[in-house]
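Here's the structure, in structure tokens; my notes come after.
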Amino acid sequence: MQLIPIALAQPEMVLAREVVRPDNPSGPPICGRGMALSAPLIARLRQMGIKSLIVDGHPVMVEGEESLEIMLDALEHRFSKVTGDPLMDFLKGTFRSILCRSMGEEAP
Amino acid sequence: MSEQREKIREIIKETKSLPTIPGIVGKLNALSNDQKTSIKEMANIVSADQVLSAKMLRLANSPSYGFARISTVSNAMILLGIDVVKSLVLSSSIFEIMENNVMGLWEHSLGAGVAANIIVRRLNLKECEEISTAALLHDIGKVILKLKFEDEYAALGKLVTARQMWFRDAEMELLGTDHAEVGGWLATSWFLPDKLVEPIACHHDVSKSGTHQIRTAVVHVADIMIKAAAFGFSGDPFVPRLQPAAVRVLGLNETILSDIAEELGDRLIDIKNFSLEMQETDG
């Protein structure tokens, strides 16, 4: 799933999280998760002051976002002082899979 | 180096120059000990400070606590209890200091709160809310070091980068103490309960924890998990090793760690969204 500014929302993207009113975040949701976006719905959400949405998959590359390759290199660096510890190696592998899936790719 | 440690300790003791625990927490403590006081009276005290109660309600509805939609202070008192509301008031006040001074650390702490919640649920541990608060506040020592020892804090960052070392090792080398010990001194000077002081003071050395080893172990693991996920920035570029004491106390294994990591991975986007919303509202 991906957090995107509403300006990048497109019809047929699917909401991965419900949307709530920014002026009443504790109130009932405006749209539920699993709902497919349409052009009129996106326009209505913009009118209501919604600035971002969480959608399924990783449909857009946002400016400034790091590539999967860079993120995996950073993961290796973060774990570099605990290499060889079986539990830490396992944890690194788990986060590697999570990162790959979050970018819509299979873990290598 | 121990001279520097003593200097820091003295400054923490001289609490006049430090951010103080909100007076409301003291009042709630006094009122909750009085059998005649009603929940409504206590709710009125919190509600009287509109800025604080708004921040407290936002935090109650944040992913770190993850309570179902709570819209009023009275609801929070009835549904969550006085102790949880007190810890929410405290966390809200301290978070405001963090938000204004060390944004990366604020996000790291928010994430640690979520991770602690996930661990507690996965392991069926009791008193989840208290552990969330301990995780949210675990790096409070860094906030104080940043505020009161700005030059030394900047030097720590440079040393970590230059020598590619753990933040805590740099603290020991430059200051003769670390943020966990400093946070423990501060929490003690605020008269916080031991169940919060110990996880703050011992989150890098679980075996030092006495009566609250489980809570300390949860905060230790939550800190490592959120560092592994690279959410926020605690000042430490490297993930510390899971301590054998924490693994033993919590009975961790690969299956449990995988479950916790997967759920945390799923929640990161919610935490980021909450953090962005908070920044937009405050900005």
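What's counted below: heavy atoms across the whole structure, side chains too, no hydrogens, waters or symmetry copies. All values derive from a computational prediction rather than experimental measurement. Below, read A as the first sequence line, B as the second, and so on, with proteins coming before strands; counting in each chain starts at 1.
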Separation of B:Leu252 CG from A:Leu91 CG (nearest 0.5 Å): 10.0 Å
Side-chain heavy-atom pair A:Ile54, B:Asp270 within 4.5 angstrom cut-off: yes
Heavy-atom contact with chain B under 4.5 Å, split by part of A:Ile98: side chain
Interchain contact, A:Arg78 with chain B, by part (heavy-atom threshold 4.5 Å): both
Side chain to side chain, A:Phe79 and B:Lys227, heavy atoms closer than 4.5 Å: no
Minimum heavy-atom distance B:Glu262-A:Arg101, with the two atoms named: OE2-NH2, 2.7 Å
Toward chain A, the part of B:Ile260 with a non-hydrogen atom under 4.5 Å: neither
Residue-level interface, residues 155-170 of chain B with chain A, non-hydrogen cut-off under 4.5 Å: B:Gln164, B:Met165, B:Trp166
Separation between CG of B:Leu257 and CZ of A:Phe95, rounded to the nearest 0.5 Å: 9.0 Å
Region of A:Leu99 that comes under 4.5 Å of a non-hydrogen atom in chain B: neither
Heavy-atom closest contact (B:Val239 atom, A:Met88 atom, distance): CG1-CE, 3.7 Å
Pairwise side-chain contact, A:Leu87 with B:Arg241, heavy-atom cut-off 4.5 Å (strictly under): no
Heavy-atom proximity to chain B below 4.5 Å, by part of A:Met1: both
Heavy-atom closest contact (A:Arg17 atom, B:Asp266 atom, distance): NH2-O, 2.8 Å
Heavy atoms of other groups near B:Ile214 CD1, more than 12 under 6.0 Å: no
Under-4.0 Å salt bridge between A:Lys81 and B:Asp236: no
